[in-house]
Each structure stands twice: as structure tokens, then as C-alpha cells.
Amino acid sequence: MRIVSGIQPTGNLHLGNYLGAIRNWVAMQEQISAEGGECLYFLADMHAISMPHTPADLTSNTREMVAALVACGIDPERSILFNQAQVPQHAELQWLLNGTARMGWLNRMTQWKDKAGKNREGASVALFTYPVLQAADVLLYQATHVPVGDDQKQHLELARDIAQKFNNDFCAEDAPLFTLPAPYIPPEAARIMSLRDGGAKMSKSDPSDMSRINMTDDADTIMQKVKKAKTDPEPLPSEKAGLEGRAEAKNLVSVYAALAGTSVDAVLAEFGGEGFGKFKPALGELLVEKLAPINQRFVELRRDTAALDAILKAGSEKARALAIPTLERTYTALGLVRG
Ligand code: TYM
């Protein structure tokens, strides 16, 4: 098994990233390193330039994200932790795959439609070809499994389509070049929603900080955000079906279940019939209990920027070594002459 996944260093790590993806990165690291496979986790800094950005912020966010990932439990000794910018093979493979990806496929990507909005003419070319770089990220390492939240499912399907078409067009039937990667999406916390709007996902790009719990929030901030989270006036139901049509309530109960490592039904068995006046403080306390140790480690790690840079440098060296053979085979399959 080869596990590969990435995160954009465009701001704070939030609860949606953690429950939707990073927790599984850590779980897979435990499992895979015991079985002798590899986990590669990277900062998608090359993706981050697809939107307007401030260079100095990208640099500091990249380091902070390394600190946050290590604080969450990613161990650079057991997983390969790096940033795309130090492994140019990602960008090279993207160009090679641009010949296989179709305009129509990219035009259908919901992230492109959402982020470009009405102003497609003014969007960057990088935003449009973003999913091809994402395909290169995983195909470069022959990833078998990609732990992500639900919002990345479509991009992963595109990576499979690109791999399949490339294999069909340029490889012998019995010698495909690319492994088709399978998304691994958690059954419970696949899509954590905004605390202010149960119809929007929790996101770094939401202008309101009250919409998300950052992994770096202190206890008071967490309690405040949960207290102010949007809900409805009804008490909690005793069964899951009773949450239908109550997006905000459903989201908070799902967060509780994911953090407590239990099911939505088990949470409702405990809190069914109770109002939010009782449930919210319990959720806030659980969040503080689970996030405080991560926050504490993060605060210690972020200070040592030299150590964070060293982690990325060492990880990037290992990643390059794994990337080169597949990249070379791709050049050859396309008939490109290499010295
Ligand atoms: P990014 O940086 O937006 O998010 C990182 C991971 O967090 C998950 N996630 C969520 N999960 C549940 N609920 C939410 N509200 C929520 N918000 C974010 C995302 O699904 C993701 O798993 N394009 C990717 C980065 C990327 C990548 C890759 C991922 C680049 N190349 C290759 C996997 C494989 C992105 O912008 O994720």
C-alpha cells in the first residue's frame, strides 16, 4: 500500500481538515508503517498559487502547517512529509498529463466552478488546471489510497480518469504505467459544515473566523465559537432520522460523534430530548479536551523554524527519490527523448 495526500498551506488547519483528513493520515501512518508500506503527506504549496496570495504569508503558512501536522501526530520519521515546491517532479508530471486531461473534464470540476465564480475570464490558468497537478501528485508515487474529505472526491475521480486514459493510450495492455488511486473518505466526518451555516462546508476561505474551529484556537475561543454556533430551537432527537432537515444540529452532533469516536446514534441516545443549552457546553468541553494537547504541541513546534525547514528538506529528498522512476517512465511512454 502507498498512501499519498496533501493539504494547501493557505491558513489555519481547521476542524474539517482534521476530522475529514488528517486524523486518517495519522491512523494510516500507524497501520502502514507497521506493514512496511509508505505514507507521503505534502503541503500543496504549488496549488496555493492558483488564487491571489501574499508570498510572505505563503512562506509562514507553509511552516505553520508543518508544525500543525506534526502536532496532530504526523511523524516525519515514519511518514514522508514535504512540500511540492521542493519536488519539481510534481510540476513536470502535470505538464506531461496535460496532454491527456480533457478540457471538458476540467470544465465539470465543481471546485473550478465555485472558485472561478462568474468571472472565469479573470481566473488563473492554474486554477483551471489545478486538478491535473492534483492527479500528478498521486500518480507520481503510484498511490493506492488517498485519504481525503468528501470535497476532494471529484478530483480523485479525475485522477483515475487521467491514469486510465494514459494507460490506454500509451501503455501495453499488460503493462499499465499508473496505478488507479482509491479515495479513502471517512464514513462519519467526511464533510464538516460551517458553524454559521449548515449548508456551507467549514473552510479556510470563509471570511468569518466564527464559522470554523481552528486547531490553534485556545479553550476560551473554542467555547465561545460553539456557544455562538447557529442552531435551531428544537431539542435534539433520539434517533438519526430526526436530524434530517436540521443541517446545523446534524453537523454539531456529527462533530461530537467523530471526536468521541462513537456513532451519531450513540450521541443521540445520550442527548436525545436535551436542548442545545446542555449539548453545546458538552461539545465545547470535548473539543477543548481533544484539541488542547495538539494546540500545546503546535505552540512549541512553530517557534523552531529551522527544525521545520529541515523536516521539509529531508522529506523532499525522500519524495524525489520515489518520484523519479515514474516520471522517467512517463517521458519514455510519450516518446520524449531523455539523455
Ligand atoms: P484542502 O487543503 O482544502 O483540505 C485538506 C484536506 O481536508 C479536507 N477537508 C475537509 N474534510 C471534511 N470537512 C471539511 N469541511 C473539510 N475541509 C477540508 C479535504 O477534503 C482535504 O482532504 N486539493 C486539496 C489538496 C491536494 C490534495 C492533493 C489532496 C492537493 N493535491 C492530492 C489529496 C491528494 C485541497 O485543497 O485540500
Side-chain angles (χ1 to χ4, degrees), residues 2-26 28 39-51 53 58 61-62 64-65 68-69 72 74 82-85 87 90-91 93-94 97 109-112 114-115 126-127 129-160 162-163 181-206 211-215 247 250-251 254-255 258-259 319:
R2 170 81 51 92
I3 313 300
V4 178
S5 198
I7 181 164
Q8 288 197 68
T10 43
N12 285 319
L13 190 65
H14 60 70
L15 189 67
N17 300 134
Y18 180 64
L19 294 178
I22 312 303
R23 231 168 40 143
N24 284 327
W25 293 14
V26 177
M28 288 177 147
C39 292
L40 293 103
Y41 300 127
F42 62 90
L43 309 181
D45 49 3
M46 300 283 276
H47 278 111
I49 64 164
S50 61
M51 293 293 275
H53 78 286
L58 181 56
N61 285 337
T62 299
E64 294 230 326
M65 191 60 88
L69 293 176
C72 286
I74 301 296
F82 66 100
N83 59 318
Q84 282 168 326
V87 187
H90 288 242
L93 185 62
Q94 180 194 18
L97 296 179
M109 295 293 113
T110 55
Q111 180 185 287
W112 156 247
D114 291 349
K115 289 203 172 167
L127 189 64
T129 60
Y130 179 118
V132 187
L133 180 58
Q134 185 156 345
D137 294 337
V138 294
L139 300 181
L140 189 56
Y141 302 103
Q142 308 286 356
T144 56
H145 297 83
V146 184
V148 283
D150 190 57
D151 60 341
Q152 296 302 318
K153 196 171 166 208
Q154 196 186 31
H155 286 161
L156 259 297
E157 281 161 5
L158 182 93
R160 291 172 66 91
I162 292 175
Y184 177 75
I185 298 172
E188 288 290 353
R191 186 175 281 263
I192 303 296
M193 308 311 278
S194 154
L195 298 180
R196 308 301 280 174
D197 173 2
K201 70 170 182 179
M202 186 177 285
S203 152
K204 292 177 242 204
S205 52
D206 192 316
S211 70
R212 62 185 159 260
I213 305 276
N214 301 307
M215 301 303 286
K250 190 177 178 186
N251 187 42
S254 304
V255 167
L259 280 171

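Remember, it's 1-based here, ligands and their atoms both numbered in the order they're listed. One-based numbering along the sequence shown.
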For ligand 1, is there an N or O atom under 3.5 Å from any N or O atom of Gln134?
yes

Can a side-chain donor-acceptor contact be found between His47 and Gln134 if the only test is distance below 3.5 angstrom?
no

Ligand-side contact atoms (ligand 1) for residue partner Phe42, heavy atom cut-off under 4.0 Å
28 (C), 31 (N), 32 (C)

Trp25 side chain reached by Cys39 side chain, heavy atoms, under 4.5 Å
no

Only one of Val4, Thr144, Leu139 passes side chain to side chain contact (heavy atoms under 4.5 Å, CB included) with Pro181, and that residue is Leu139

What protein heavy atom lies closest to atom 37 (O) of ligand 1? Include the residue and the distance to one decimal.
Gln152 NE2, 3.8 Å

Would Gln111 count as a polar contact of ligand 1, with the cut-off being nitrogen or oxygen pairs under 3.5 Å?
no

Below the 3.5 angstrom mark, is there an N/O of Ser5, backbone or side chain, next to an N/O of ligand 1?
no

What pairs with His145 under ring-ring contact (aromatic ring centres under 6.0 Å, His included), at least two apart in sequence or on another chain?
none

Where does Leu156 meet ligand 1, judged by heavy-atom distances below 4.0 Å: at the side chain, the backbone, both, or neither?
neither

Tell me, yes or no, whether the heavy-atom count around Lys204 atom NZ, taken from other residues, nucleotides or ligands under 6.0 Å, exceeds 12.
yes

Nearest-option assignment for atom 20 (O) of ligand 1, heavy atoms, candidates Asn24, Val148, Asp206, Asp151:
Asp151

Look only at interatomic distance and state if His155 has a nitrogen or oxygen under 3.5 Å from any nitrogen or oxygen of ligand 1.
no

Has ligand 1 got any nitrogen or oxygen that is less than 3.5 angstrom from a nitrogen or oxygen of Asp150?
no

of all protein heavy atoms, closest to atom 25 (C) of ligand 1 is Gly6 O, 3.6 Å

Are side-chain heavy atoms of Tyr41 and Ile7 found at a separation under 4.5 Å?
no

State whether the side chain of Gln111 and the backbone N or O of Gln154 hold a donor-acceptor pair below 3.5 Å, judged by distance alone.
no

A side-chain contact here means heavy atoms from C-beta on lying under 4.5 Å apart; do Met215 and Asn12 qualify?
no

Per-residue contact class, His47 against ligand 1 - non-hydrogen pairs under 4.0 Å
side chain

Looking at ligand 1, would Ala159 count as a contact under a 4.0 Å heavy-atom criterion?
no

Got a salt bridge between Asp151 and Lys201, using NZ or NE/NH1/NH2 to carboxylate O under 4.0 Å?
yes

Could you list the atoms of ligand 1 found under 4.0 angstrom from a heavy atom of Gly20?
11 (N), 12 (C)

Say whether Lys204, considering both its backbone and side-chain N or O atoms, lies within less than 3.5 Å of an N or O atom on ligand 1.
yes

Looking only at protein heavy atoms, which one is nearest to atom 11 (N) of ligand 1, and how far off is it?
Gly16 O, 3.1 Å

Numbered atoms of ligand 1 (with element) below 4.0 Å of Tyr130, judged on heavy atoms:
23 (N), 24 (C), 35 (C), 36 (O)

Side chain, backbone, both or neither: the part of Arg191 lying under 4.0 Å from ligand 1 by heavy atom:
backbone

Among all protein heavy atoms, pick the one closest to atom 31 (N) of ligand 1 and tell me residue, atom and distance.
Asp137 OD2, 2.6 Å

Are the side chains of Arg212 and Ile192 in contact, using a 4.5 Å heavy-atom criterion?
no

Atom NZ of Lys250: over 12 foreign heavy atoms under 6.0 Å
no

4.5 Å side-chain heavy-atom contact, Asp137 and Gln84
yes

Would Ile192 count as being in polar contact with ligand 1, using the rule that some N or O on each side must be under 3.5 angstrom apart?
yes

Strictly distance-based, threshold 3.5 Å: is any side-chain N or O of His90 a donor or acceptor partner for the main-chain N or O of Leu133?
no

Just jot down the ligand 1 atoms closer than 4.0 angstrom to any heavy atom of Ala44, in number order.
30 (C)

Taking atom 4 (O) of ligand 1 as the reference point, the nearest protein heavy atom with its distance
Asn17 ND2, 3.3 Å

Throw together a table of side-chain donor-acceptor distances under 3.5 angstrom for residues 184-191, partners on residues two or more places apart or in other chains.
unit_1 : atom_1 : unit_2 : atom_2 : d
Arg191 : NE     : Asp150 : OD2    : 3.2
Arg191 : NH2    : Asp150 : OD2    : 3.3

Atom 2 (O) of ligand 1 - nearest protein heavy atom and its distance:
Gln8 N, 2.9 Å

Could you tell me which atoms of ligand 1, counted from 1 in the order shown, lie closer than 4.0 angstrom to a heavy atom of Met202?
14 (C), 15 (N), 17 (N)

Going by the atom numbers of ligand 1, which of them fall below 4.0 Å from some non-hydrogen atom of Val146?
33 (C), 34 (C)

Should you measure from each heavy atom of Ala189, which atoms of ligand 1 turn up under 4.0 Å away?
12 (C)

Any heavy atom of His14 sitting closer than 4.0 Å to ligand 1?
yes

Hey, are the side chains of Leu127 and Met51 touching, using non-hydrogen atoms and a 4.5 Å cut-off?
yes

Measure the shortest side-chain to side-chain distance between Leu43 and Asn61 over non-hydrogen atoms and say whether it is less than 4.5 angstrom.
no

For Ala21, atoms of ligand 1 separated by under 4.0 Å from a heavy atom
6 (C), 7 (O), 22 (O)

Decide whether the shortest distance between a heavy atom of Ala190 and an atom of ligand 1 is less than 4.0 Å.
yes

